[in-house]
Amino acid sequence: MPSSMTQLLLGLDERNLVELPALQCRVDRALVAPLSALQQRAAAAGFELRVASSYRSFERQRLIWNNKALGLRPVLDSDGVPLDLTQMSEHAVVMAILRWSALPGASRHHWGTDIDVYDASRMAPDYQLQLTVAETQGDGPFAEFHRWLNDELQAPGCEFFRPYAEDRGGIAPEPWHLSYAPRADELSQHYSETLLREQLQVTDLQLKNTVLENLGDIYSRFVSIDAHTTRQPNC
């Protein structure tokens, strides 16, 4: 039987989660007060911070992965263009999926410490949220919100950071993805490639053999560098 810490890290234990009805999300209880404070600061600046995604279970991540591997959900290239999986090797498909979606067991959303945010006040009633970089820059609907968020994340005492702020050759940049540093850093110290491998070995996972054969490279490119991202000194 995996330990409670292992289950928590893998998205198999929801006992530390708290429901936030106003934001329609579930997060680790350590995130409740700081997230509320961030939302209030956003409101004072004229924005309506909402959460598009928070806690995500292992099973939910497994379904996302399997549906992409089976072609039931689109797999995108780095520019957001759908790929034709039938023309790709299994290794190429795995790497393409990983560009935008974590392996089950390897998502920071399993921890309840990470959230995807947007500004609901700048959305037209019929607008379909996409969570793309284009929405956060230039004349994108959330560009002003992210300019404010850039300053917020640099402020002294900031407890949130963007684990996927830059493109390091692994996961594509996700400026909307915020992590609560005190709790996420604590949990990341218990995470390991061995823990992930042991879980995947007993999981019904599409492209499983290819994933396991390349897990060392996958872990270094898509997991470890993001789990231990160096933040700004004052954040």
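Residues take their numbers from the sequence shown, with the count starting at 1.
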> Can you list every salt bridge (charged side-chain N to carboxylate O under 4.0 Å, His left out) pair that touches residues 135-147, not counting sequence neighbours?
Replying inline: Arg122-Glu144

> Which residue pairs pass the salt bridge (charged side-chain N to carboxylate O under 4.0 Å, His left out) test when at least one of the two sits in residues 80-89, sequence neighbours left out?
Replying inline: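 Listed once each, the pairs would be none.
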
Decide yes or no for [X] and [Y]: does some side-chain heavy atom of the first lie under 4.5 Å from some side-chain heavy atom of the second?
X      : Y      : result
Asn16  : Leu8   : yes
Leu178 : Leu149 : yes
Val51  : Gln24  : no
Trp176 : Leu129 : no
Met5   : Leu187 : yes
Phe160 : Glu152 : no
Leu76  : Val81  : no
Pro175 : Arg162 : yes

>> For Leu131 and Glu174: C-alpha separation, side-chain torsions, deciding distance, then whether side chain to side chain contact (heavy atoms under 4.5 Å, CB included) applies.
In response: CA-CA 8 Å; Leu131 290 182; Glu174 296 185 352; over 6 Å; no

>> Applying side chain to side chain contact (heavy atoms under 4.5 Å, CB included) to Arg62 and Asp204, what does each step give before you reach the verdict?
In response: CA-CA 8 Å; Arg62 188 186 72 85; Asp204 180 11; 3.8 Å; yes

Expected list for residues 91-107: side-chain donor-acceptor pairs under 3.5 angstrom, two or more places apart:
unit_1: Arg99; atom_1: NE; unit_2: Ser78; atom_2: OG; d: 3.0
unit_1: Arg99; atom_1: NH1; unit_2: Asp167; atom_2: OD1; d: 3.1
unit_1: Arg99; atom_1: NH1; unit_2: Gly170; atom_2: O; d: 2.7
unit_1: Arg99; atom_1: NH2; unit_2: Asp167; atom_2: OD2; d: 2.6
unit_1: Trp100; atom_1: NE1; unit_2: Asp77; atom_2: O; d: 3.1
unit_1: Ser101; atom_1: OG; unit_2: Lys68; atom_2: NZ; d: 2.6
unit_1: Ser107; atom_1: OG; unit_2: His109; atom_2: N; d: 3.0

Grab the two heavy atoms, one from [X] and one from [Y], that are nearest each other, plus how far apart they are.
X      : Y      : answer
Val117 : His146 : O-NE2, 4.5 Å
Leu10  : His110 : O-CD2, 3.4 Å
Cys25  : Ser54  : CB-OG, 3.2 Å

Hydrophobic clustering (ILVMFWY, side-chain heavy atoms < 4.5 Å, transitive) - are [Y] and [X] grouped together?
X      : Y      : result
Leu23  : Tyr180 : yes
Leu200 : Leu12  : yes
Leu83  : Phe222 : yes
Leu207 : Tyr219 : yes
Phe161 : Val133 : no

Under the 3.5 angstrom rule, does the side chain of [X] hit a backbone N or O of [Y] as a donor-acceptor pair?
X      : Y      : value
Trp148 : Ala45  : no
Ser36  : Ala33  : no
Thr113 : Ser179 : no

>> The criterion is side chain to side chain contact (heavy atoms under 4.5 Å, CB included); which residues satisfy it with Leu63, sequence neighbours excluded?
In response: Glu59

>> Could you walk me through whether Trp111 and Leu9 satisfy the side chain to side chain contact (heavy atoms under 4.5 Å, CB included) test, starting with their C-alpha distance in whole Å, then the side-chain angles of each, then the deciding distance to 0.1 Å, before giving a yes or no?
In response: CA-CA 6 Å; Trp111 303 349; Leu9 291 169; 3.8 Å; yes

Straight-line distance of [X] [atom1] to [Y] [atom2], nearest 0.5 Å:
X      : Y      : atom1 : atom2 : result
His190 : Leu195 : NE2   : CG    : 11.0 Å
Arg108 : Ile115 : CZ    : CD1   : 12.0 Å
Gln201 : Leu196 : CD    : CG    : 9.5 Å
Ser121 : Phe145 : OG    : CZ    : 9.0 Å
Tyr55  : Leu20  : OH    : CG    : 15.0 Å
Arg15  : Leu17  : CZ    : CG    : 11.0 Å

>> Can you list everything that forms a salt bridge (Lys or Arg N to Asp or Glu O under 4.0 Å) with Arg60? Sequence neighbours excluded, please.
In response: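 Arg60 satisfies salt bridge (Lys or Arg N to Asp or Glu O under 4.0 Å) with no other residue.
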
>> Can you list everything that forms a salt bridge (Lys or Arg N to Asp or Glu O under 4.0 Å) with Glu48? Sequence neighbours excluded, please.
In response: Arg50

>> Under a plain distance cut-off of 3.5 Å, with no hydrogens placed, do Glu198 and Thr194 share a side-chain donor-acceptor pair?
In response: no

>> Does the plane of the ring in Tyr164 sit parallel, tilted or perpendicular to the ring in His177? Use 30° and 60° as the thresholds.
In response: perpendicular

> Aromatic rings Tyr118 and Phe142: how do their planes relate, parallel, tilted or perpendicular, breaks at 30° and 60°?
Replying inline: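 Rings of Tyr118 and Phe142: tilted, as their planes differ by 30° to 60°.
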
>> Quick one, Leu212 with Arg197, criterion side chain to side chain contact (heavy atoms under 4.5 Å, CB included). Give me CA distance, side-chain angles, the key distance, then yes/no.
In response: CA-CA 7 Å; Leu212 291 175; Arg197 181 180 295 275; 4.2 Å; yes

